[in-house]
Each structure stands twice: as C-alpha cells, then as structure tokens.
Amino acid sequence: MGVAHAARSQAALAQRQLLRAVRGRGEVSMLGAELIVDGHPMRYGVSNNDEGAEQIWAINIHGFFCAGPMYHRESEHLAESLGWRVVNPSLPGFGGSDPLAWGELSLASMARRIEALMDHLGIERALLLGHSMGAATAIEFATAHPERVLGIIYRDGAATPAWHHRHGILPRLFSPIAPDIGAMADLGLSVAADLPDLLAGRILSTLRSVLPDLRRNLKTLGRTAPVASMLMETDLTTEVEVLATAGIPFLAEWGCFDRITTPETAEEFANAAGVSVLWVPGGHSWMLARPTGQADLLRLLPLGRQFLDAVGVRALRGAGRPHLRAV
C-alpha cells in the first residue's frame, strides 16, 4: 500500500509539473475570502491552483503589525514554483480581521483561527510557514495538533524569549529607572532600522503590497498593542524541544541583519529544535521585500532541499502523535 501511495504521489507531482509548464508563470493568484470564527470575522486568501488531493497545503502565517495580503506575492510564487496550495490568514486585529477582546488575546486564540481555517477548507495536514509572531503561532498550533503539521518553516521567530532581552544602549541607560521603557525604545529603533531593507529591491511593488494593510492595522492598533505585550512574555522553548523530539521537521531561517529577533534568538531556537540556522541576506522582514526568496531557499540550498524531503516523508507516513503539549 505504501508503494502504491508513493507511485500515486510521484504521478501527481509529474502532472503538477506538466500543468505548470503548460500554464506558464504568473497564472496563480490569491483569492480573498472571510470566515467567522467564534463570532469574529477573519479574512484570508487562498491560491487558486487547485491540483487535486495529493497537493501539499501550506499556511503562511504573518508577523505582528503585518497581515496575510502582505505575503501574497510570496505565496503566489510558492504556489507557482512548488505546486503548493497556499493559504494566507489575517490573524485577529490585523488586515481587517476582527480584533479580539483583551481577555481573549492569547497564542492559543491565534492557533484556534488556524485550526478553524483548516477545518473550513478541508485541510487534513499542512506545512506551516511562520514569520515572527506567526512563527510563535505555528509552534502553538503544532503543540496542540502535531498530527496536522507536515513541517514548520520558522522565520525570524518570537517563540523563544531571547529576542525581548534587549542589550542596546537605551536598555542600559534606562535599566536603573525604567527597564521596560528602555527595552521598548530599543525595540522601536530596531523596527526603524529594518525599514530600509524592507524597501530594498522593487520599492513600488513592495509598497503596494504592504500599505493597504498598514493603514488597516493602524486603525486597530489600540486593540492589538496588547499582542506585543503577550509576545514579550512568551516562552515556548520546551514546546519546541518536544516537537523536535516528536519528529516535526523544522527549517529555521533568519535575516542576517535582523535586530528585532536577534542572532541570540536564532541560536536559542536552533539549540531547542536541534537544527542549523539558514541565514538569509536582509533584515527581519526579508521575505516581504524579496518574495521569490523563500522558494529559492527551498529549491536551491541543501538545508531547504533536506527539509522538503523530510516533509515528503512525513506526508507519506501519515499522522504523527497527538497531544504533545508539554507539562
């Protein structure tokens, strides 16, 4: 039965490659939709390249103050070049999705949206791409539902605590009187330092992809600011270790000029997951300015190809062990 399944998978892959060759580039687009989850509207996009039951689903989970449409260019390229069916959710309070009440804010609430979206679209298992806050959300979801996760591409993530241990001049100056203010000021400067890289390359197309949701996010900032505080208190290191032990494939990617989630954070995550870090030219949001980069990393670099192989093996073997929440 396993041999037959593998043969069908190979045939399906060959068919997808033929379809892409015939169709040519530029035909995949993201279709917008909305889903009600626990009484709250949530916006999402899904690629229009439906190629059958053997197709890999991928969920591209955005970072703080971002939204699903900001990653549409990247997801379209992933769908076009790798044949994945890609979903871009906008988590509560971002990209026009309804914010949650302060008492409802948690990573578990964020992960619940991923679960509801997968159920709605009939996705049994998916590959998760998580950026920054989205990487922490991916870890939270995988901890609760490891059997539904094919692998995690963990990009400049905020699931482990080293990133909010700020060591710049402002934290040192403010530490005797107001350490929290110093840390937040340093983080703000780090965000500002990331902007030039965000606008590198094709500036106009990048601006067109990010400005609409930046405006939406500004309108809900008062209700999403507590999400940043929540992230500052997040530590999922043990959960990462448990998932790695359980065999969830990880690919850790980091912008080599990232000052938001620092190189110390990359090392901390890599040690917990038992993987090497794939360093990428750019800052914290390198994928927004370079939307073709992720597919190139997977197709052209050894760590990327090894990760795809591990995901393929997991897809053929079936579900993993359920309920791996660390105690």
Participant: Atom CZ in Phe269, atom CG in Asp156: separation rounded to 0.5 Å?
Facilitator: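 The CG atom of Asp156 is 11.5 Å from CZ of Phe269, to the nearest 0.5 Å.
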
Participant: Please check if the side chain of Arg305 supplies one atom and the backbone of Leu300 the other of a donor-acceptor pair under 3.5 Å.
Facilitator: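 A pair under 3.5 Å: yes.
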
Participant: For a quick test of reading the model, state the closest non-hydrogen atom pair linking Ser75 to Asn88 and the distance between them.
Facilitator: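 Heavy atoms only, the tightest pair is OG-OD1, 2.7 Å.
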
Participant: Are the side chains of Val149 and Leu243 in touch, meaning some heavy atoms are under 4.5 Å apart?
Facilitator: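 Heavy-atom side-chain distance check fails, nothing below 4.5 Å.
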
Participant: Any heavy-atom pair between the side chains of Ser29 and His72 that's under 4.5 Å?
Facilitator: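 The answer is no, as the side chains (C-beta and beyond) never meet within the 4.5 Å cut-off.
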
Participant: How about His284 and Ser132: does a side-chain donor come under 3.5 Å of a side-chain acceptor?
Facilitator: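 Checked: His284/Ser132 side chains pair up, N/O donor to acceptor below 3.5 Å.
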
Participant: List the residues meeting salt bridge (charged side-chain N to carboxylate O under 4.0 Å, His left out) with Asp38, not counting sequence neighbours, and say none if there are none.
Facilitator: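 So Asp38 forms a salt bridge (charged side-chain N to carboxylate O under 4.0 Å, His left out) with Arg112, Arg113.
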
Participant: Please determine whether residues Met230 and Leu221 belong to a single hydrophobic cluster, defined as Ile, Leu, Val, Met, Phe, Trp and Tyr linked transitively by side-chain heavy-atom distances below 4.5 Å.
Facilitator: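 Cluster IDs for Met230 and Leu221 match.
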
Participant: Where do Trp279 and Cys256 come nearest, in terms of heavy atoms and distance?
Facilitator: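 So the two residues come closest at CE3-CA, 3.8 Å.
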
Participant: Looking at Arg148 and Arg125, would you say the former's side chain and the latter's main chain have a donor-acceptor pair under 3.5 Å?
Facilitator: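 The answer is no, because no donor-acceptor pair under 3.5 Å joins these two groups.
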
Participant: How long is the span from the CG atom in Leu78 to the CD1 atom in Ile56, to the nearest 0.5 Å?
Facilitator: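 Between atom CG of Leu78 and atom CD1 of Ile56 there are 13.0 Å.
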
Participant: What I'd like to find out is whether the side chain of Tyr154 reaches to under 4.5 Å of the side chain of Trp254, using heavy atoms alone.
Facilitator: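 SC-SC contact between Tyr154 and Trp254 confirmed.
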
Participant: State, with a plain yes or no, whether a side-chain heavy atom of Glu80 is found less than 4.5 Å away from one of Asn49.
Facilitator: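 In short, these two side chains do not touch, never coming nearer than 4.5 Å.
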
Participant: When you group the ILVMFWY residues by side-chain heavy-atom contacts below 4.5 Å and let the links chain together, are Val227 and Leu100 in the same group?
Facilitator: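 Yes, Leu100 connects to Val227 through the hydrophobic network.
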
Participant: Of the non-hydrogen atoms in Glu51 and Gly83, which two are nearest, and what is the gap between them?
Facilitator: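 That closest heavy-atom pairing would be OE1-O, 4.2 Å.
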
Participant: Taking the inter-plane angle between the rings of Phe94 and His62 on a 0 to 90° scale, is it parallel (under 30°), tilted (30 to 60°) or perpendicular (over 60°)?
Facilitator: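 Geometry flag for His62 against Phe94: perpendicular rings.
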
Participant: Do the side chains of Met30 and Trp84 join up, straight or via other hydrophobic residues, at under 4.5 Å, putting them in one cluster?
Facilitator: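 Unlinked, Met30 and Trp84 end up in two clusters.
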
Participant: Quick check on side-chain contact (heavy atoms from CB on, under 4.5 Å): which of Met70, Arg73, Glu74 does Met287 satisfy it with?
Facilitator: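 By the side-chain contact (heavy atoms from CB on, under 4.5 Å) criterion, Met287 pairs with just one of Met70, Arg73, Glu74: Glu74.
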
Participant: Could you tell me the separation between the CG atom of Leu251 and the CG atom of Leu303, rounded to the nearest 0.5 Å?
Facilitator: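 Separation between the atoms: 6.5 Å.
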
Participant: List the steps, then state whether side chain to side chain contact (heavy atoms under 4.5 Å, CB included) holds for Val280 with Arg290.
Facilitator: CA-CA 11 Å; Val280 182; Arg290 303 169 185 83; over 6 Å; no

Participant: Restricting to non-hydrogen atoms, name the atom on Leu127 and the atom on Phe307 that form the minimum distance, rounded to 0.1 Å.
Facilitator: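 Taking every non-hydrogen atom into account, CD1-CZ, 3.5 Å.
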
Participant: Taking all non-hydrogen atoms of both residues into account, name the closest pair between Met118 and Ile59 and its distance.
Facilitator: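 That would be CG-CD1, 3.4 Å.
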
Participant: Within the 4.5 Å heavy-atom criterion, are Phe65 and Asp213 side-chain neighbours or not?
Facilitator: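 A side-chain contact is absent here, since even the closest heavy-atom pair is not under 4.5 Å.
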
Participant: Once rounded to the nearest 0.5 Å, what's the spacing between atom CG of Leu107 and atom OG1 of Thr234?
Facilitator: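 If I round to the nearest 0.5 Å, the distance is 4.5 Å.
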
Participant: Would you say that Glu76 contacts Ser47 through its side chain, given a criterion of any heavy-atom pair below 4.5 Å between the two side chains?
Facilitator: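 No, every pair of side-chain atoms sits at 4.5 Å or beyond.
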
Participant: Please identify each residue that fulfils salt bridge (charged side-chain N to carboxylate O under 4.0 Å, His left out) with Asp296, with sequence neighbours left out.
Facilitator: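 Expected list: Arg299.
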
Participant: Just checking, is any N or O donor in the side chain of Trp286 or Asp258 under 3.5 Å from an acceptor N or O on the other one?
Facilitator: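 No, Asp258 and Trp286 have no side-chain donor paired with an acceptor closer than 3.5 Å.
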
Participant: Side-chain donor-acceptor pair under 3.5 Å between Thr160 and Glu268, yes or no?
Facilitator: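 Short answer, yes.
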
Participant: Taking all non-hydrogen atoms of both residues, which atom of Leu236 and which atom of Ala136 are closest, and how far apart?
Facilitator: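 Looking at all heavy atoms of both residues, the closest pair is CD1-O, 3.7 Å.
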
Participant: Does a donor on one side chain and an acceptor on the other come within less than 3.5 Å for Thr262 and Thr265?
Facilitator: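 A pair is found: one side chain offers a donor N or O, the other an acceptor, under 3.5 Å apart.
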
Participant: Nearest 0.5 angstrom please: Arg215 CZ to Leu218 CG, how far?
Facilitator: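 So the gap between those two atoms works out to 9.5 Å.
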
Participant: Honestly curious: do Ile61 and Leu297 fall in one hydrophobic cluster under the side-chain, below-4.5 Å linking rule?
Facilitator: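 In one cluster: yes.
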
Participant: Any chance you could measure Leu129, atom CG, to Tyr71, atom OH, to the nearest 0.5 Å?
Facilitator: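 Here the rounded value is 10.5 Å.
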
Participant: Would you indicate whether the side-chain heavy atoms of Leu105 and Arg223 approach each other to under 4.5 Å?
Facilitator: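 They are not in side-chain contact.
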
Participant: Output, in order, the C-alpha distance, side-chain angles, deciding distance and verdict of side chain to side chain contact (heavy atoms under 4.5 Å, CB included) for His145 and Ile114.
Facilitator: CA-CA 11 Å; His145 305 286; Ile114 305 302; over 6 Å; no

Participant: As a quick check of understanding, evaluate side chain to side chain contact (heavy atoms under 4.5 Å, CB included) for Gln294 and His77, giving each step before the final call.
Facilitator: CA-CA 9 Å; Gln294 181 62 74; His77 189 76; over 6 Å; no

Participant: Does Asn48 form a side chain to side chain contact (heavy atoms under 4.5 Å, CB included) with Val28? I'd like the steps, not just the answer.
Facilitator: CA-CA 6 Å; Asn48 63 352; Val28 174; 3.7 Å; yes

Participant: Indicate if Leu82 and Ile152 have the same hydrophobic cluster label, given that clusters are the connected sets of ILVMFWY residues with side-chain heavy-atom separations under 4.5 angstrom.
Facilitator: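 Same cluster.
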
Participant: Within a strict 4.5 Å, meaning less than it, do heavy atoms of the Ser90 and Met42 side chains meet?
Facilitator: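 No, their side chains stay 4.5 Å or more apart.
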
